[in-house]
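Read through the structure below, which is laid out as structure tokens, and then see the notes.
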Amino acid sequence: MRPEDIDYKRPVTECHSCSDLASEMAAALAAASIVFKDSKTYSDKLVKGAKALYKFGRLQRGRYSPNGSDQAIFYNSTSYWDEFVWGGAWMYFATGNNSYLTIATAPGMAKHAGAYWFGSPNYGVFTWDDKLPGAQVLLSRLRLFLSPGYPYEEILRTFHNQTDNVMCSYLPLFNSFNFTKGGLIQLNHGGPQPLQYAVNAAFLASLYSDYLEAADTPGWYCGPNFYTTEVLRKFARSQLDYILGKNPLKMSYVVGFGNKYPKRPHHRGASIPHNGVKYGCKGGFKWRETKKANPNALVGAMVAGPDRHDGFKDVRTNYNYTEPTLAANAGLVAALISIADIPTGRYSIDKNTIFSAIPPMFPTPPPPPSAWKP
């Protein structure tokens, strides 16, 4: 049924041990509190909720997706340690409380979160299941701009080095991941729905290049070789260009963008007509099965994407090609904003606002002595 017509039960699952979900929610609220810091009442409310959720996640240990559950089938979480690091980093930025940074940079936490899984085929792939790559970029920013030193330096340096390694893995010449002939990185190793992973990588690469630029660092090392920040931006642009139409099929994978784009996204609200008729749960299937284009254009939605041979089937029933998701579109929006030229300067990054809750790292130096009089 169309979302606005749903009249069947939509059960809510109660969760008493879901560290990953609680910590991710805490991260979202903490980050939002920084965005809305000009409204102190609202910002404080967000921080209060974030604190409660993060504490709950830390005390009631467990994954939100038990075996056999719907969550495990569709959005399985393999661990909660990466969310502890991710949530802890955002909690520290939102509150300035060192206890959160201590959690995020604990050596055992980094180990459990997979910071040393160099040989893992999915290392560095930022997804709804693995927040570690994003947390490492976020904490690398802290090291680049504030350099908090002991006792955090060792793990922050590890995260910074790992971020450098992840950025190296995105470059075609290192063969960490395959690319299609058309140039799309295969972060899910040729599996379906590749675009959600590509946009996240484009976002992290573009963002990290801006961090380096803002810290007066012209690039980074991959082994003995030095690469400029422009290499990262070039990678990010190449993935976004592919998605927006620079690909072998010459089609955009964002509905409504360009002259050629998917007409049959796997989306009930877009595929069932808005004609005054309320179609029941079973009635909606006839619209899913029809080969006609969707009656409602889902403007701005990025679909799941092509296969590993740059092929695409605009078939509504095949969600591996045509399904749009919130997780994927969030990455797309972030990547597009990060790569756009903004009025205040091409690579400008606000160095201070994100750290506004953090107290000075070191004591204020004493004032200079008064002028010497003979």
Side-chain angles (χ1 to χ4, degrees), residues 1-6 24 28 31-32 35-36 74-75 125-128 134 180 182-185 187-188 192-207 210 233 235-275 284 287-288 290-307 310-343:
M1 301 173 72
R2 296 189 310 151
E4 55 266 46
D5 289 339
I6 289 176
E24 174 59 51
V35 174
F36 294 108
F74 295 105
Y75 284 97
V125 182
F126 189 33
T127 71
W128 41 261
T180 68
L184 179 67
I185 191 170
L187 291 163
N188 61 336
Q193 306 189 11
L195 297 188
Q196 60 180 306
Y197 309 103
V199 290
N200 287 348
F203 171 53
L204 291 189
S206 173
L207 190 65
D210 284 348
R233 294 191 187 95
F235 162 75
R237 283 194 296 265
S238 73
Q239 299 308 295
L240 293 172
D241 285 346
Y242 181 103
I243 291 166
L244 296 177
K246 195 175 181 180
N247 55 61
L249 295 179
K250 300 291 188 290
M251 72 173 291
S252 160
Y253 290 106
V254 177
V255 176
F257 184 85
N259 297 319
K260 182 182 178 184
Y261 52 82
K263 300 295 196 299
R264 300 165 187 83
H266 180 89
H267 187 278
R268 71 181 92 179
S271 57
I272 300 175
H274 183 59
N275 57 3
W287 301 109
R288 190 189 71 170
T290 180
K291 294 183 180 179
K292 294 180 180 179
N294 286 358
N296 311 308
L298 198 62
V299 176
M302 181 180 74
V303 296
D307 58 30
D310 297 305
F312 180 78
K313 296 178 181 177
D314 191 7
V315 177
R316 191 178 299 104
T317 51
N318 194 331
Y319 53 83
N320 282 333
Y321 288 108
T322 57
E323 181 183 38
T325 66
L326 292 174
N329 276 260
L332 173 67
V333 171
L336 289 171
I337 291 172
S338 72
I339 206 68
D341 294 344
I342 51 179

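Because the structure is predicted, anything quoted here is derived from the model rather than measured. Computed over heavy atoms, backbone and side chain alike; hydrogens, waters and symmetry mates excluded. Numbers here are sequence positions counted from 1.
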Nearest atoms (heavy-atom pairs only) where Ala304 meets Asn320: CB-O, 3.3 Å
Flag side-chain contact, heavy atom, 4.5 Å: His266 against Thr317: no
Nearest heavy-atom neighbours spanning Val255 and Ala297: CG1-C, 4.5 Å
Main-chain N/O of Met1 paired with Asp5 side-chain donor or acceptor, under 3.5 Å: no
Expected output: side-chain Thr322 to main-chain Val315 donor-acceptor under 3.5 Å: yes
Note, Val303 side chain near Tyr261 side chain (heavy atom, < 4.5 Å): no
Check: Leu204 main-chain N/O paired with Asn200 side-chain donor or acceptor under 3.5 Å: no
Between CD on residue Glu4 and CD1 on residue Ile272, distance to nearest 0.5 Å: 9.0 Å
Residues that Arg264 engages under salt bridge (charged side-chain N to carboxylate O under 4.0 Å, His left out), provided they are two or more places apart: Asp314
Euclidean distance, Ile339 CD1 relative to Arg233 CZ, rounded to 0.5 Å: 7.0 Å
Nearest atoms (heavy-atom pairs only) where Leu195 meets Pro306: CD2-CD, 4.0 Å
Donor-acceptor under 3.5 Å (Arg2 side chain, Gly269 main chain): no
Asn275 atom CG: more than 12 heavy-atom contacts under 6.0 Å: yes
Expected output: side-chain Lys291 to main-chain Arg316 donor-acceptor under 3.5 Å: no
Value rounded to 0.5 Å, distance of OG in Ser338 from CG in Asp210: 7.0 Å
Heavy-atom side-chain contact between Leu244 and Leu336 under 4.5 Å: yes
Pair Tyr253-Asn247, side-chain donor/acceptor within less than 3.5 Å: no
Pairwise side-chain contact, Ser252 with Tyr242, heavy-atom cut-off 4.5 Å (strictly under): no
Contact summary for Ala270 and Leu298, nearest pair of heavy atoms: CB-CB, 4.2 Å
Nearest heavy atoms of Leu240 and Val199, plus distance in Å: CD2-CG1, 4.4 Å
Gap separating the CZ atom of Phe312 from the CG atom of Asn318, nearest 0.5 angstrom: 8.5 Å
Heavy-atom side-chain contact between Pro273 and Asn296 under 4.5 Å: no
Expected output: side-chain Gln239 to main-chain Gly183 donor-acceptor under 3.5 Å: yes
Asp310 and Thr180: side chain donor to acceptor below 3.5 Å: yes
Lys292, NZ: over 12 other non-hydrogen atoms inside 6.0 angstrom: no
Non-hydrogen atoms of Pro324 and Asn329 that approach each other most closely: CB-ND2, 4.3 Å
Note: Asp307-Lys313 ion pair, threshold 4.0 Å (strictly below): no
Tyr197 side chain near Leu184 side chain, heavy-atom distance below 4.5 Å: no
Note, Arg268 side chain near Arg288 side chain (heavy atom, < 4.5 Å): no
Worked check of side chain to side chain contact (heavy atoms under 4.5 Å, CB included) between Gln193 and Tyr321: CA-CA 6 Å; Gln193 306 189 11; Tyr321 288 108; over 6 Å; no
Check against side chain to side chain contact (heavy atoms under 4.5 Å, CB included), Phe257 and Val299: CA-CA 8 Å; Phe257 184 85; Val299 176; over 6 Å; no
Sub-4.5 Å side-chain heavy-atom contact between Pro265 and Ser271: no
